[in-house]
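Worksheet: the structure to be examined is printed underneath.
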Amino acid sequence: MKLATWNVNSIAVRLPHLQRWLVDARPDVLALQELKCPVEKFPAQAIAELGYEAAVHGQKTYNGVALLVREGLPWREAARGLPGFADEQARLVVAEVEEPASEAPLVVVSAYFPNGQAVSSDKFVYKLAWIDALASWIERERLAERPFVLMGDFNIAPAPDDTHPDWPQDGILASPPERAAFARLLSLGLVDAFRRFPQPPQSYSWWDYRQGAFRRNLGLRIDHILVSPALLPRLRACTIDVEPRRWERPSDHAPVVLELAPTAETST
DNA sequence: ATGTCGTTTGTAAAACGA
């Protein structure tokens with residue numbers, strides 16, 4: 001089972017990259033963020049031709065998330081939008097995926113956390129409220145007690161090692177309140193899959209388009225895959241695929257990929 | 001360097017968000 005998350009920054013512009021990457025990587029489930037397109041303009045046909053079905057929570061201009069599920073895997077959409085949180089912005093979609101030879105379905109979330117713009121701005125207040133509602137929903141539904149994967153663009157670099165050395169540790173994407181919000185998700189029992197494995201130093205998932213940031217590796221690790229304890233015995237690898245960031249006219253984000261052992265192999 | 005993208009709107013430059 002291979003799961004991945006990728007902020008594509010406009011699916012209309014990035015469709016060729018998405019197609020190329022799907023053919024190369026063949027994930028079973030891919031979470032997408034920043035579609036920037038309403039559901040009726042989502043390129044479902046092009047994606048179906050590559051063997052994927054989609055749950056789409058779209059919106060014109062901004063935001064927009066989706067979950068692509070490889071054909072042959074039974075699944076159902078479980079929620080569109082953050083349950084219990086009135087939100088005009090399309091930032092979350094949930095699906096339940098039936099794995100072969102598994103008793104419990106895998107609950108998967110594609111989430112596009114608010115950026116927050118600047119610490120103490122109105123958008124920052126909204127960001128913290130949104131994450132609070134997300135954590136409350138996970139807690140209320142006891143999702144951490146099930147096979148559960150929360151993945152997406154969190155817009156938070158959880159620790160100093162997740163930012164390039166010059167990034168302000170009290171600024172947006174790294175500030176103490178944002179890191180505390182991320183820590184609350186971990187306190188529910190969820191685990192940052194990337195940090196379960198040895199990783200190259202200065203591993204990042206996002207680089208600003210400006211200032212040659214990618215060339216100089218001035219990035220942040222803000223795209224994450226959190227998993228519930230039930231999945232820990234199945235973790236095999238978690239990597240950031242920087243290759244698409246090198247392609248012409250790239251997204252500013254790179255995909256993050258998680259490999260899970262099949263359920264059949266987990267009994268020890 | 002206010003340095004780049006993607007989208008929208010008073011369809012052309014500017015605003016907005018990231």
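Proteins come first, then strands; the chains are lettered A, B, ... in the order of their sequence lines, and each starts at number 1.
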Practice problem: Kindly say if A/Arg210 contacts the phosphate of B/dT2, meaning a side-chain N or O under 4.0 Å from OP1 or OP2. | Solution: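 For A/Arg210, the contact criterion (side-chain N or O under 4.0 Å from OP1 or OP2 of B/dT2) is not met.
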Practice problem: Figure out the CG/P separation between A/Asp122 and B/dA18, and round it to whole Å. | Solution: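 Computing the A/Asp122:CG to B/dA18:P distance gives 13 Å.
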Quiz item: With a 4.0 Å cut-off on heavy atoms, is A/Phe214 in touch with a base, just the backbone sugar-phosphate, or nothing at all?
Solution: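 Contact class for A/Phe214: none.
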On a whole-Å scale, what distance lies between the [atom1] atoms belonging to [N] and [M]?
N      : M      : atom1 : result
B/dC5  : B/dA12 : P     : 24 Å
B/dG17 : B/dG10 : P     : 16 Å
B/dA15 : B/dA1  : P     : 22 Å
B/dG3  : B/dC16 : P     : 15 Å

Self-check item: Single hit among A/Leu22, A/Asp28, A/Val56, A/Leu50 for side-chain contact (heavy atoms from CB on, under 4.5 Å) with A/Leu68
Solution: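 Answer after filtering A/Leu22, A/Asp28, A/Val56, A/Leu50: A/Leu22.
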Exercise. Validate the cation-pi geometry between A/Arg91 and A/Tyr112: distance from NZ or CZ to the six-membered ring centre under 6.0 Å, angle to the ring axis within 45°.
Key: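 Cation-pi check for A/Arg91 and A/Tyr112: passes.
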Exercise. Establish, yes or no, whether the cationic atom of A/Arg20 lies under 6.0 Å from the six-membered ring centre of A/Trp247 and within 45° of the ring axis.
Key: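 Yes, cation above the ring, under 6.0 Å and within 45°.
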What nucleotide, of [options], holds the atom closest to the side chain of [X]?
X        : options              : result
A/Thr61  : B/dT7, B/dA18, B/dG6 : B/dT7
A/Gln117 : B/dT7, B/dG17, B/dG3 : B/dG17
A/Lys60  : B/dT8, B/dG6, B/dA18 : B/dT8
A/Arg249 : B/dT8, B/dA18, B/dG6 : B/dG6

Quiz item: Between A/Arg146 and A/Glu96, does at least one N-O distance fall below 4.0 Å, as a salt bridge requires?
Solution: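 Result for this pair is yes, salt bridge flagged.
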